Asks: 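Pasting a structure below so you can have a look.
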Amino acid sequence: MYSVKELVESVGLTSVPSSYIFRDTKSDVHCMHVQSETVPIIDFSLLTSHDPDRRSETITRLGNACLEWGFFMVVNHGVSEMLRDEMVRETESFFDLREEDKRQYAGKKLFDPIRCGTSFNSNVDKTLLWRDYLKIHVHPHFNAPDKPSGFSKVLREYCQKTRDIAGELLKGISESLGLEAGYINEKMRVGSSESHQLLVANMYPPCPQPELAMGLPPHSDHGLLTILMQNGIDGLQVMHEGNWVSINPLPNSFLVNTGDHMEILTNGKYKSVVHRAVVNSKAPRVSIGTAHGPPLDTVVSPAPELMTDGVGQAYLGIKYKNYLELQQSKTLSGKSCLDHLRLSI
Ligand SMILES: O=C(O)CCC(=O)C(=O)O
Ligand SMILES: [Fe+2]
């Protein structure tokens with residue numbers, strides 16, 4: 001199957017082929033736009049600060065962001081602009097490689113170290129997505145494509161830095177739930193040499209009729225947290241209180257969202273957020289996300305400490321690996337995967 005990028009570049013499209021037309025997009029394309037200030041902002045330097053008051057204020061903000069949005073921007077995180085720029089540049093160069101250089105990674109299985117392709121699950125997707133992807137399992141075993149030649153080094157450093165950020169955020173999130181700072185990291189073995197990290201790079205080529213196609217349909221992510229950045233072109237929208245909110249990231253910020261395993265672990269207290277990626281007619285958009293989860297063989301189930309006050313268990317436990325398989329076996333759609341695990345209480 002053609003990548004969207006090839007399709008756009010080879011034939012000079014003026015309209016969207018019918019296989020990419022999203023029938024249900026039009027009704028909700030009039031999304032509510034908000035200023036970036038409205039989205040919660042977490043100053044990472046305060047989270048790691050030695051000033052107990054500022055740290056505790058930031059933990060409260062973080063808890064509220066998880067409770068009310070499932071989404072926040074992280075600033076002052078200490079990752080250099082240079083590394084972020086290099087990461088975007090190398091990713092763009094990967095998508096620009098000749099087809100024969102990318103072919104070795106095409107059409108492979110979920111747990112293959114590196115795979116690239118188009119849409120989400122092109123075997124079952126009824127409508128194709130206006131999106132090409134590169135997915136790399138980067139931890140516990142680091143993998144990198146051999147081209148472009150500078151990619152591996154930058155990728156390794158970027159993934160280490162985002163793992164460190166995830167670890168610190170999870171400490172703050174644990175505390176915001178009234179648990180020990182190390183609770184989530186220890187229970188989920190995040191930050192251990194076994195924790196799982198998947199890098200997903202998305203390429204959304206310019207689309208001649210952006211209102212008819214979809215980059216990524218509404219969905220929630222697997223894992224505890226996703227840390228995302230983009231190439232300066234907007235397109236992410238987050239569902240908040242029944243509206244789509246367009247996200248305009250602050251310069252040099254990371255966009256962070258809670259994933260399905262945060263919802264399971266917290267017994268529904270911190271829900272995963274539904275989000276989508278829309279496309280535009282002007283410029284290629286690249287986004288780079290890292291999903292942070294436990295080792296693949298970990299069974300994630302609600303924390304007993306969060307099932308107090310007569311709140312029963314709201315989700316079945318599931319092995320992280322099996323959840324990833326479940327998600328990949330279906331078409332990407334809202335929180336349909338998590339719905340399989342809900343218990344009626
Ligand atoms: O492109 C984006 O901004 C969102 C990407 C995303 O949601 C994902 O890769 O799961
Ligand atoms: Fe996502």
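Remember, it's 1-based here, ligands and their atoms both numbered in the order they're listed. Just so you know, these numbers use all the heavy atoms, side chains as well, and skip hydrogens, waters and symmetry mates. Because the structure is predicted, anything quoted here is derived from the model rather than measured.
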Asks: Within a distance under 4.0 Å of any heavy atom of Leu216, pick out the atoms of ligand 1 and give their elements.
Replies: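 In order of numbering, the contacting atoms are 5 (C), 6 (C), 7 (O), 8 (C), 9 (O).
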
Asks: Would you say CZ of Arg84 has more than 12 non-hydrogen atoms from neighbouring residues, nucleotides or ligands within 6.0 angstrom?
Replies: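 Correct, the count exceeds 12.
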
Asks: Check contact between Arg285 and ligand 1, using heavy atoms of the residue and a distance below 4.0 angstrom.
Replies: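 Under 4.0 Å: yes for Arg285.
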
Asks: Near Lys187 NZ, under 6.0 Å, is it more than 12 heavy atoms from other residues, nucleotides or ligands?
Replies: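 Correct, the count exceeds 12.
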
Asks: Can the positive tip of Lys102 be found less than 6.0 Å from the middle of the six-membered ring of Tyr105, inside 45° of the ring normal?
Replies: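 No; the conditions do not both hold, so Lys102 does not lie above the ring face of Tyr105.
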
Asks: Ligand 1 versus Leu255, non-hydrogen atoms closer than 4.0 Å: side chain, backbone, both, neither?
Replies: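 For Leu255, there is no contact with ligand 1 at all, from either part.
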
Asks: Checking the side chain of His222 only, and the main-chain atoms of Asp260 only, is there a donor and an acceptor separated by less than 3.5 Å?
Replies: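 Judged by distance alone, no pair lies under 3.5 Å.
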
Asks: Go through ligand 1 atom by atom and flag the ones less than 4.0 Å from a non-hydrogen atom of His275.
Replies: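 The list of qualifying atoms is 7 (O).
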
Asks: Which heavy atom in Asp234 sits nearest to a heavy atom in Gln230, and how many Å separate them?
Replies: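 Scanning both residues completely, I find the closest heavy atoms to be OD1-NE2, 2.7 Å.
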
Asks: So which of the N, O or S atoms of His275 lies nearest the Fe ion (ligand 2)?
Replies: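 Sorting the N, O and S atoms of His275 by distance to the Fe ion (ligand 2) puts NE2 first.
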
Asks: Starting from atom 5 (C) of ligand 1, which protein heavy atom do you reach first, and at what distance in Å?
Replies: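 For this ligand atom, the closest protein heavy atom is Asn202 ND2, 3.4 Å.
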
Asks: How many angstroms lie between atom CZ of Phe151 and atom CG of Leu97, to the nearest 0.5 angstrom?
Replies: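 Spacing of CZ (Phe151) from CG (Leu97) equals 9.0 Å.
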
Asks: Which residue pairs pass the side-chain hydrogen bond (donor to acceptor under 3.5 Å, both in side chains) test when at least one of the two sits in residues 8-18, sequence neighbours left out?
Replies: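 Every pair satisfying side-chain hydrogen bond (donor to acceptor under 3.5 Å, both in side chains) with a residue in residues 8-18: Lys5-Glu9.
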
Asks: Please state whether Gln230 comes within less than 4.0 angstrom of ligand 1, counting heavy atoms only.
Replies: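 Gln230 does not count as a contact of ligand 1 under the 4.0 Å cut-off.
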
Asks: Just give me the atom name: the N, O or S atom of Asp221 closest to the Fe ion (ligand 2).
Replies: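 In Asp221, the heteroatom (N, O or S) nearest the Fe ion (ligand 2) is OD1.
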
Asks: Applying a 4.0 Å heavy-atom criterion (strictly less than), which segment of Leu228 is in contact with ligand 1: side chain, backbone, both, or neither?
Replies: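 The answer is the side chain of Leu228.
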
Asks: Does the residue Tyr204 have a heavy-atom contact with ligand 1, meaning some pair of atoms that are separated by less than 4.0 Å?
Replies: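 Contact check Tyr204 vs ligand 1: positive.
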
